[in-house]
Amino acid sequence: TDDQKNVRDIHIGACNVQGTIPTSSQYPSFFGMTRVEIIEISPVPDLHLTGPLPNDWTSPTLRQVQLTGHKISGTIPASLYTCTSLTQIDLHSNALTGMLAEAIHQLVQLTYLSVADNNMQGQLPSKLPPKLTTLGLASNSFTGAITPVYALAELVILFLRNNRFTGVVGASLAKSIQVLDLDHNNFRSIAPELCQGSKLPALQKPNGCLQDYPGQDLQTCCLDNNE
């Protein structure tokens with residue numbers, strides 16, 4: 001309907017929302033809303049969304065997607081990468097699989113990306129969204145070097161713990177980083193100067209490496225449990 005086409009924000013929280021996400025053929029108006037800007041569906045204990053995300057994200061005005069703490073499975077749909085007004089994607093604590101697609105670099109306005117605590121894998125795409133300030137990939141099975149991260153000049157939170165990243169981490173990461181968590185990976189070496197200056201070693205922040213972001217304080221540096 002015309003009223004549905006004019007919906008801007010969708011916030012569903014503290015409600016008994018559960019079950020699989022409808023496909024576009026069932027409810028074309030939900031994800032086909034061309035003017036929606038925010039989609040936020042919060043879980044409640046024992047009630048979660050399940051199944052894959054639809055592949056018909058079409059809104060050119062979509063800015064925020066927050067679908068955390070559910071049991072959403074499958075891969076990130078290709079159509080989500082075409083929503084180039086996105087500034088925030090938060091899909092942490094689900095059951096997503098697959099890789100971050102090369103097309104993610106098209107999201108040039110994106111500042112916040114978290115897919116932490118999923119079942120994703122593979123190497124990072126060759127380019128990441130250039131304006132990222134928060135990158136949360138922890139507790140997945142990502143592999144390979146983190147070379148694309150070096151191009152993120154505005155990065156503040158880099159949260160990569162509990163993956164299978166390899167290679168060398170040099171000192172040329174963004175000077176703006178205030179949380180650096182590389183714990184439990186397979187890095188061959190990490191430049192010690194990364195934890196100097198404003199980036200305090202984890203040992204000077206009691207329990208700093210025992211909490212997942214955003215539980216960690218700023219100025220936390222966690223580099224242990226690598227090769």
Side-chain angles (χ1 to χ4, degrees), residues 68 75-76 88-105 107 110-227:
T68 66
T75 60
I76 297 175
Q88 178 175 337
I89 298 176
D90 195 346
L91 299 172
H92 79 260
S93 298
N94 279 287
L96 294 169
T97 57
M99 304 169 63
L100 288 176
E102 286 289 334
I104 197 171
H105 78 273
L107 303 180
L110 195 69
T111 61
Y112 186 106
L113 172 63
S114 179
V115 293
D117 192 22
N118 278 282
N119 300 314
M120 299 186 70
Q121 59 186 351
Q123 297 188 10
L124 297 182
S126 58
K127 293 182 180 179
L128 292 166
K131 293 186 178 180
L132 279 178
T133 60
T134 296
L135 178 59
L137 306 180
S139 298
N140 282 282
S141 295
F142 289 112
T143 58
I146 63 168
T147 306
V149 175
Y150 290 98
L152 304 179
E154 302 175 35
L155 198 60
V156 176
I157 309 293
L158 181 57
F159 189 47
L160 304 183
R161 70 160 49 209
N162 292 328
N163 277 285
R164 301 174 184 173
F165 287 116
T166 57
V168 173
V169 180
S172 56
L173 289 174
K175 303 301 182 183
S176 54
I177 291 178
Q178 296 188 54
V179 173
L180 178 63
D181 192 341
L182 307 180
D183 253 15
H184 289 89
N185 278 283
N186 297 317
F187 293 117
R188 188 168 70 253
S189 67
I190 300 173
E193 54 266 40
L194 286 173
C195 285
Q196 295 175 356
S198 64
K199 304 177 188 66
L200 301 180
L203 293 177
Q204 296 183 29
K205 286 280 188 179
N207 300 320
C209 286
L210 300 181
Q211 301 181 68
D212 286 348
Y213 178 79
Q216 292 174 321
D217 294 332
L218 292 180
Q219 299 186 334
T220 296
C221 191
C222 308
L223 310 179
D224 294 338
N225 300 295
N226 280 278
E227 289 185 358

Handout entry: Short side-chain donor-acceptor distance under 3.5 Å, H92 and N94
Key = no
Handout entry: Backbone N/O of N140 and side chain of N119: donor-acceptor pair under 3.5 Å
Key = no
Practice task
Report yes or no: does D183 contribute a side-chain atom to a donor-acceptor pair with the main-chain N or O of N185 at less than 3.5 Å?
Solution key: no
Exercise for the section: Identify the two heavy atoms, one from I104 and one from P125, that lie closest to each other, and give their separation to 0.1 Å. Expected result: CG2-CG, 3.7 Å
Problem - Backbone of L155 reached by a side-chain donor or acceptor of S176 within 3.5 Å - result: yes
Exercise for the section: Would you give the length of the straight line joining atom CG of L160 to atom CG of L124, rounded to the nearest 0.5 angstrom? Expected result: 7.5 Å
Problem - Check against side-chain contact (heavy atoms from CB on, under 4.5 Å), Y112 and T133 - result: CA-CA 6 Å; Y112 186 106; T133 60; 5.5 Å; no
Fill in the blank from the handout: Closest non-hydrogen atoms of A153 and A174, given as atom of the first, atom of the second and distance, are O-CB, 3.8 Å
Problem - Under 3.5 Å side-chain donor-acceptor pair for E102 and S126 - result: yes
Handout entry: T143 side chain near Q121 side chain, heavy-atom distance below 4.5 Å
Key = no
Problem - Check: I146 and F187 side chains under 4.5 Å, non-hydrogen atoms - result: yes
Exercise for the section: Would you check if T111 and L132 make a side-chain contact, meaning some heavy-atom pair closer than 4.5 Å? Expected result: no
Handout entry: R164 vs F142 side-chain heavy atoms within contact, under 4.5 Å
Key = no
Completion exercise
So OG of S141 and CE of M99: to nearest 0.5 Å the spacing works out to 12.5 Å
Handout entry: Side-chain (Y150) to main-chain (G170) donor-acceptor, under 3.5 angstrom
Key = yes
Exercise for the section: Please answer whether the main-chain N or O of L137 pairs with a side-chain N or O of N163 as donor and acceptor at a distance below 3.5 Å. Expected result: yes
Exercise for the section: State, to 0.1 Å, how close D181 and R161 come at their nearest heavy-atom pair, and which atoms those are. Expected result: OD2-NE, 2.8 Å
Practice task
Drop me the distance from E154's CD to T134's OG1, to the nearest 0.5 angstrom.
Solution key: 11.5 Å
Practice task
Assess whether side-chain contact (heavy atoms from CB on, under 4.5 Å) is satisfied between I177 and I157, documenting all intermediate values.
Solution key: CA-CA 6 Å; I177 291 178; I157 309 293; over 6 Å; no
Problem - Separation of L223 CG from I190 CD1 (nearest 0.5 Å) - result: 4.5 Å
Exercise for the section: Looking only at non-hydrogen atoms, find the nearest pair between V168 and R188 and report the distance. Expected result: CG2-NH2, 3.2 Å
Problem - Side-chain touch L135/V149, heavy atoms, less than 4.5 angstrom - result: yes
Fill in the blank from the handout: Closest non-hydrogen atoms of P148 and L152, given as atom of the first, atom of the second and distance, are O-CG, 4.1 Å
Completion exercise
One should read off an interatomic distance between L91 CG and L96 CG, to the nearest 0.5 angstrom, of 6.0 Å
Exercise for the section: Without swapping roles, check the side chain of N118 against the backbone of T97 for a donor-acceptor pair under 3.5 Å. Expected result: no
Problem - No-hydrogen, no-angle side-chain donor-acceptor test under 3.5 Å, D117 and S93 - result: yes
Completion exercise
Here the gap from L113 atom CG to L107 atom CG, rounded to the nearest 0.5 Å, amounts to 8.5 Å
Exercise for the section: Would you check if V156 and V179 make a side-chain contact, meaning some heavy-atom pair closer than 4.5 Å? Expected result: no
Problem - Q123 versus G144, closest heavy-atom pair with distance - result: CG-CA, 4.2 Å
